[in-house]
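Here's the structure we're looking at; comments come further down.
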Amino acid sequence: MAAPRLRIAPSPTGLFHVGTARTALFNWLEARRTGGTFVLRIEDTDLGRNLVEAADGIQRSLEWLGLDWDEGPYFQSQRRERHVAAALELAEAGFAYWSDPMPLAPDGKPERYDGRDRDRGLDRSPGRALRFRSPDEGATTVFDLIRGEPTFPNAVLEDFGLLKSSGDPLFLLANVADDIDMAITHVVRGEDHLSNTPKYQLLWAAIAPSAPLPVFAHLPLIVNEKRQKLSKRRDKVSLEQFRDDGYLPEVMGNFLALLGWSPPDGRERFAIGDVIKEFSLADVLSSSAYFDLKKLDAFNGDAIRELAADDLFERITPFLGTWDPARVQPLLPEVQTRVVRLDEVAPMVDFLYLDEPVWDDASWEKALRQTTGATAALLGAVAQGWSACPWEAEAVKAVVVDAGTASGLNLKKAQAPVRVALTGRAVGPPLFESAVVLGRGEAVRRVRAALDRVPALAP
RNA sequence: GGCCCCAUCGUCUAGAGGCCUAGGACAUCACCCUCUCAAGGUGGAGGCACGGGUUCGAAUCCCGUUGGGGCUGCCA
């Protein structure tokens, strides 16, 4: 048997959908496992909805995930003539017929087509669309690696459109014609296409009766918490968004692979490249999968913690914007166990870069309560101690411990106002390491500045 | 409405008739550790939608019910 040919065929109508990413991944895995060919085809037939930058976004997203393609990108819009020619041949052969627009319903949309033009023998003319004449009898069976052999009565298939009244090709026509021309052998796509597949097969047989039909694999849908297909309108679905939020590409690939499939040995954490040999479309589950952000976060946090220091440094740099990453580098090991996403780093260490920390009043009030009337004495002692002690974490800590003891406060309480003084917040990376990185001068200055904010008449 | 698909802890899943007293992961709860917050460690709670069959034996096979979803566009 000839080497398989698979394709990912996204439409450039917006950001890259995670569902498309998962479909691309499974196509890629199957292509790589079998030594087949992975084709990228941009389905931009709907000129009105295309976004020029989206096609580029598709390619960059695939690259980001590490999914390389062997052919393409092909652009469907550039194959318009071939699609139209195929459609006209279909009309000529009686597989399709011309049809007038349907009257508008009260809601302003055209009514559902009822087959009224089937036998009118209308000519091709401006304003008329071309429709496929679906068989009235018989049934069409789809051979699906994941779902078995669903069979559809042909009578329920509507006479779907091939060409718009503008003359432009529609999805099914372009999709099938291209799959024929590109000799696609495996159509791996979302389950939402399953119901369209009998139409796909009928069209294929009409255009290229001698070409063997591809084998199908309809992947389970990725759904939201309401178990509905992920939608761009209500759900967070763009890969670009996940990238910008600081999810690691290898984690996204790993997580997406687990939606509907798992390696035979049951392990959950893996690189997609390591799982090629174990992958099998036949092992893909058939029930829909919820996209669980919590689990993605857990995976991402784990992966961040496993990063080597220099790797982490490189990955964090773009998330710091204009800030010099070298400044935070000494604190990175402490930051590493505290972030789940890369975009959490900047707000966690902003105090190192800003002239004044972002002051959180609630944190300060809480710190004052923990130290009651001793805040001023405590901060005074810390400022004095820090001015003279060796500038390393242990010594810096000892100063706070001693200052606390002198005020009758344990370290847990004593560190609170000091932390707010330095970082502006009640939570953050370990205080003493942070102080060391901040620098003696600035640290002491901030403690003194905080001293001025202690209420004169403490409760 | 019609057609099609689906159904194991809250979630992702393991499970292809006896290995199941249903395993793992995330989430959750408790405890330990602890300068905040994390991380880490230990332990706990939690599921085969329901009803019929088939079988010596069913989470696994069959039928039905219920529930959920998809498609039904001159979108893809």
Side-chain angles (χ1 to χ4, degrees), chain A residues 9-13 20 43-46 48-49 76 99 101-102 109-110 112-113 127-131 142 144 146-148 150-153 155-158 160-172 174-175 189-199 218 220-221 223 225-229 255 258-262 264-269 285-299 301-302 305 334-340 348 363 366-367 370 397 400-401 404 410-416 418-420 423 425-434:
Chain A
S11 63
T13 53
T20 312
E43 305 225 322
D44 55 349
T45 53
D46 189 354
R49 296 204 309 158
Q76 225 164 34
S99 168
M102 288 296 286
K109 293 177 179 174
R112 188 192 297 193
Y113 180 66
R128 281 189 183 144
L130 186 69
R131 290 180 181 279
V142 175
D144 192 293
I146 298 171
R147 275 150 224 287
T151 300
F152 301 74
V156 306
L157 267 25
E158 69 280 4
F160 54 94
L162 263 21
L163 294 177
K164 299 185 195 182
S165 53
S166 63
D168 293 323
L170 252 3
F171 165 68
L172 237 4
N175 191 248
R189 50 181 2 181
E191 194 204 329
D192 46 349
H193 285 287
L194 182 56
S195 295
N196 289 143
T197 307
K199 289 178 260 183
H218 285 95
L221 255 22
V223 299
E225 63 287 339
K226 292 161 75 177
R227 312 278 334 161
Q228 295 167 321
K229 166 167 98 157
F255 185 71
L258 247 17
L259 260 25
W261 181 78
S262 58
D265 66 1
R267 92 197 111 104
E268 292 202 304
R269 299 290 316 283
L285 259 28
S286 49
S287 50
S288 54
Y290 171 60
F291 193 88
D292 188 358
L293 257 319
K294 291 264 184 58
K295 185 152 182 169
L296 211 214
D297 281 348
F299 274 33
D302 283 348
R305 270 171 251 125
E334 305 294 352
V335 170
Q336 191 165 15
T337 59
R338 289 172 171 76
V339 295
V340 156
M348 187 175 287
S363 292
K366 186 182 174 191
Q370 284 181 32
K397 176 182 180 180
V400 177
V401 170
N410 61 25
L411 181 55
K412 194 182 183 75
K413 288 180 176 173
Q415 59 88 31
V418 182
R419 178 182 297 279
V420 180
T423 71
R425 302 188 191 88
V427 301
L431 180 57
F432 312 114
E433 286 75 4
S434 296

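Convention: sequence-line order gives letters A, B, ...; per-chain numbering from 1.
- Counting any heavy atom pair closer than 4.0 Å across all strands shown, A:Glu158 reaches sugar-phosphate atoms only and no base atom.
- Nucleic acid contact for A:Asn196: base, since at least one base atom lies under 4.0 Å from a heavy atom of the residue.
- For A:Phe152, the ring-ring contact (aromatic ring centres under 6.0 Å, His included) criterion is met by no residue, not counting sequence neighbours.
- Counting non-hydrogen atoms under 4.0 angstrom, A:Lys109 reaches nothing in the nucleic acid.
- Within the nucleic acid shown, A:Leu170 comes within 4.0 Å of sugar-phosphate atoms alone, with no base atom in reach, counting heavy atoms only.
- Every residue was checked against the salt bridge (Lys or Arg N to Asp or Glu O under 4.0 Å) condition with A:Glu225, not counting sequence neighbours, and none meets it.
- The partner of B:rC75, taking Watson-Crick or G-U wobble pairs whose two distances both stay under 3.5 Å, does not exist in any strand shown.
- The ring-ring contact (aromatic ring centres under 6.0 Å, His included) check on A:Phe171 picks up A:His193, with sequence neighbours excluded.
- A search for side-chain hydrogen bond (donor to acceptor under 3.5 Å, both in side chains) contacts involving A:Asp46 returns A:Arg49, not counting sequence neighbours.
- Where RNA chain B meets chain A (any atom under 4.0 Å from a heavy atom), the bounding nucleotides read 5' to 3' are B:rG1 to B:rA76.
- As judged by a 4.0 angstrom heavy-atom cut-off over every strand, A:Ala298 is placed among residues touching the sugar-phosphate backbone only.
- Residues satisfying the side-chain hydrogen bond (donor to acceptor under 3.5 Å, both in side chains) test with A:Ser363, not counting sequence neighbours, are A:Asp360.
- B:rA22: no Watson-Crick or G-U partner with both key distances under 3.5 Å is found in any strand.
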